[in-house]
Amino acid sequence: MTVTRALFGLLVLLACLNVVLFGNNLELGRKRKLGDGCYHVFLDVGSNIGVHSRFLFEPSKYPDAKTGRRLFNEHFGDEESR
């Protein structure tokens, strides 16, 4: 299984867990969307093999990308908590 598929599966699992834990507090007639209830969403757009997602979740493999690591730490928390 590729890292991108694994991350997509994790996002779906988290969305489902959100519904189970917090209920479905949506208007009647409106279908729940994958990102409902999420404060932050990382979209890996334009990458054909999921490099940006790997960079987010496996930053130790990219030691020279200091600016990217700093930005991801700022917006997504420290590397150990992701």
Side-chain angles (χ1 to χ4, degrees):
M1 181 184 311
T2 65
V3 173
T4 304
R5 284 186 183 175
L7 292 175
F8 180 76
L10 179 62
L11 286 174
V12 171
L13 176 66
L14 290 175
C16 293
L17 185 60
N18 184 38
V19 172
V20 170
L21 293 176
F22 303 109
N24 191 355
N25 298 325
L26 298 173
E27 304 167 10
L28 292 176
R30 181 173 172 255
K31 291 185 179 181
R32 185 163 186 81
K33 304 257 187 312
L34 179 64
D36 284 352
C38 296
Y39 291 104
H40 302 284
V41 176
F42 177 73
L43 297 177
D44 188 2
V45 178
S47 175
N48 63 351
I49 58 172
V51 172
H52 300 108
S53 296
R54 290 188 68 199
F55 182 73
L56 178 62
F57 291 103
E58 299 174 331
S60 61
K61 293 185 178 183
Y62 304 92
D64 295 332
K66 292 177 176 57
T67 302
R69 292 175 85 167
R70 181 183 54 78
L71 288 171
F72 278 158
N73 288 342
E74 183 179 318
H75 294 284
F76 294 100
D78 62 353
E79 296 172 4
E80 292 79 27
S81 66
R82 285 186 240 148

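A quick note: this is a predicted structure, and the numbers were derived from the prediction, not measured.
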Item to check | Closest non-hydrogen atom pair between S81 and D78, with its separation | outcome: OG-OD1, 2.6 Å

Checklist outcome for this item: Interatomic distance, CZ@F76 vs CZ@F57, rounded to 0.5 Å, equals 8.0 Å

Checklist entry - What is the minimum heavy-atom distance between F55 and A65, and which atoms define it? => result CE1-CB, 3.4 Å

Checklist entry - Atom CG in L56, atom CZ in R69: separation rounded to 0.5 Å? => result 12.0 Å

